[in-house]
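Working notes, structure below.
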Amino acid sequence: VGDGSTGQQQLDTGVLAINSGRIMEQNKQAIQVIIGNPPYSAGQNNANDNNQNTAYPALDQRIMDTYVARSSATNKNALYDSYIRAMRWASDRIGERGIIGFVTNAGFVDSNSANGLRLCLAQEFSSIYILHLRGNQRTAGELSRQEGGKIFGSGSRAPIAISLLVKNPAAPAPGQIYIYDIGDNLTREEKLAKLVAWEHLAGIDWQRIQPDSYGDWLQQRDQGFERFMPLGAKKQLTAQPIFANYSMGVNTARDAWCYNADKVAVAANMQRM
């Protein structure tokens, strides 16, 4: 339960009165440091899981007005991931001055869907420090070996980042971005040993990042791509697309039932439906 602008509505003061009182008192405080390891979950994979993320209408509206509005991705569902919700809430909660320290999924650092998030972070924060610990095991082969050990052991397949986001109204310019990549082919133990050895931010050889106009921090896109003739477009463009109309093609939305190497099995499925 958060304040009225970024969280859910207040609890009924007649129920769980002590908890409600604590929340109301907390909302009055000027909080300037938020540290945590928020959960990361973009949502359930299957409606049968009955494990959908909790809805936060006011907070999700803030995401829509900021991260989503500035994203150039077609599918923006990932921007409602739990850890991105935590970023949005914390950014609003500290106001004009403060520090956020989060251990999260590192997908926001370079994913296409998060370019709007990165643009907002660079605008809202004076300094951003990202310690990229890698460990993305949703990869295979040589790339998987380069990603190295999973930071949280067998319970984690996502890449992990430690992020320090600083709001300092006295800073000469916002959006000073620094990233350190932990390196290739390191085991979990080697990565953690590096963290212990540094002890302090000053001991890290940060790489200063100059983002492009699209919000790319790493693997910045070639802007010459924008000069190519589009194959097709849902929205009206200045350039004429090659194809006036296009679609998804043959799309059953029930491929598990409608496709099969066995003609008899497909026919049986169709008959049952």
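Nothing here was measured: the structure is a model prediction, and the numbers come from that model.
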**OP:** State, yes or no, whether a side-chain contact exists between L218 and I179 at a heavy-atom distance under 4.5 Å.
**Re:** yes

Original post:
For Y180, what residues pass the ring pair (Phe, Tyr, Trp, His ring centres under 6.0 Å) criterion, not counting sequence neighbours?
Top reply: W198

Subject >> Side-chain donor or acceptor of N112 paired with backbone N/O of A114 under 3.5 Å >> reply: no

Original post:
Within a strict 4.5 Å, meaning less than it, do heavy atoms of the V103 and L133 side chains meet?
Top reply: no

Subject >> Distance under 6.0 Å and angle within 45° of ring axis: R85 vs Y80 >> reply: no

Original post:
Got a sec, which residues hit salt bridge (Lys or Arg N to Asp or Glu O under 4.0 Å) with R188, two or more places apart in sequence or on another chain?
Top reply: none

**OP:** Output the distance between atom OG (S113) and atom CZ (F108), rounded to the nearest 0.5 Å.
**Re:** 12.0 Å

Original post:
So, are R22 and E25 salt-bridged, with charged N and O less than 4.0 Å apart?
Top reply: no

Subject >> Spatial distance of atom CG (L186) from atom CD1 (I182) [nearest 0.5 Å] >> reply: 6.5 Å

Subject >> Residue M229 excluded, over 12 heavy atoms near CE under 6.0 Å >> reply: no

Subject >> side chain to side chain contact (heavy atoms under 4.5 Å, CB included) partners of Q137, counting only residues at least two apart >> reply: S144, E147, K150, R157

**OP:** Tell me, with the steps shown, if I130 and V109 meet side chain to side chain contact (heavy atoms under 4.5 Å, CB included).
**Re:** CA-CA 8 Å; I130 307 291; V109 177; 3.9 Å; yes

**OP:** Flag the pair S163 / I128 as yes when at least one side-chain heavy-atom distance between them is below 4.5 Å, and no otherwise.
**Re:** no

Subject >> Partners meeting ring pair (Phe, Tyr, Trp, His ring centres under 6.0 Å) with F243 (sequence neighbours left out) >> reply: none

**OP:** Test side chain to side chain contact (heavy atoms under 4.5 Å, CB included) on I99 and N168 and set out the steps.
**Re:** CA-CA 9 Å; I99 300 174; N168 178 7; over 6 Å; no

Original post:
Could you give all pairs that pass the salt bridge (charged side-chain N to carboxylate O under 4.0 Å, His left out) test and reach residues 191-214, with sequence neighbours left out?
Top reply: none

**OP:** Output all residues satisfying salt bridge (Lys or Arg N to Asp or Glu O under 4.0 Å) with E96, sequence neighbours left out; order by chain, then residue number.
**Re:** none

Subject >> Pairs where residues 106-121 contributes a residue and the test salt bridge (charged side-chain N to carboxylate O under 4.0 Å, His left out) is met, not counting sequence neighbours >> reply: R118-D216

Original post:
Does N105 use its side chain to pair, donor to acceptor, with the backbone of Y40 at less than 3.5 Å?
Top reply: no

Original post:
How far apart are the C-alpha atoms of C120 and R70, what are their side-chain angles, what is the distance that settles it, and do they pass the side chain to side chain contact (heavy atoms under 4.5 Å, CB included) test?
Top reply: CA-CA 8 Å; C120 289; R70 300 193 66 180; 3.7 Å; yes

**OP:** Enumerate the residue pairs fulfilling side chain to side chain donor-acceptor pair (under 3.5 Å) with a member in residues 249-260, sequence neighbours excluded, ordered by first and then second residue.
**Re:** T252-D255

Subject >> Expected output: side-chain K167 to main-chain G95 donor-acceptor under 3.5 Å >> reply: yes

**OP:** Could you tell me which residues satisfy side chain to side chain contact (heavy atoms under 4.5 Å, CB included) with E189, sequence neighbours excluded, listed by chain and number?
**Re:** T187

Subject >> Note, I100 side chain near I94 side chain (heavy atom, < 4.5 Å) >> reply: yes

Subject >> S71 side chain vs Y67 backbone, donor-acceptor pair below 3.5 Å >> reply: no

Original post:
Hey, is CD on E142 packed in by over 12 heavy atoms from elsewhere, all under 6.0 Å?
Top reply: yes

Subject >> Donor-acceptor under 3.5 Å (N115 side chain, S72 main chain) >> reply: yes

Original post:
Does some side-chain heavy atom of M24 sit less than 4.5 Å from a side-chain heavy atom of N27?
Top reply: no

**OP:** Take I209 and Y178, measure what side chain to side chain contact (heavy atoms under 4.5 Å, CB included) needs, and give me the verdict at the end.
**Re:** CA-CA 6 Å; I209 298 295; Y178 304 89; over 6 Å; no

**OP:** Quick one: list whatever passes ring pair (Phe, Tyr, Trp, His ring centres under 6.0 Å) with Y83, sequence neighbours left out.
**Re:** none

Subject >> For D181, salt bridge (Lys or Arg N to Asp or Glu O under 4.0 Å) partners two or more places apart >> reply: R134

Original post:
Among all residues two or more places apart in sequence or in another chain, which pass the salt bridge (Lys or Arg N to Asp or Glu O under 4.0 Å) test with E124?
Top reply: R88

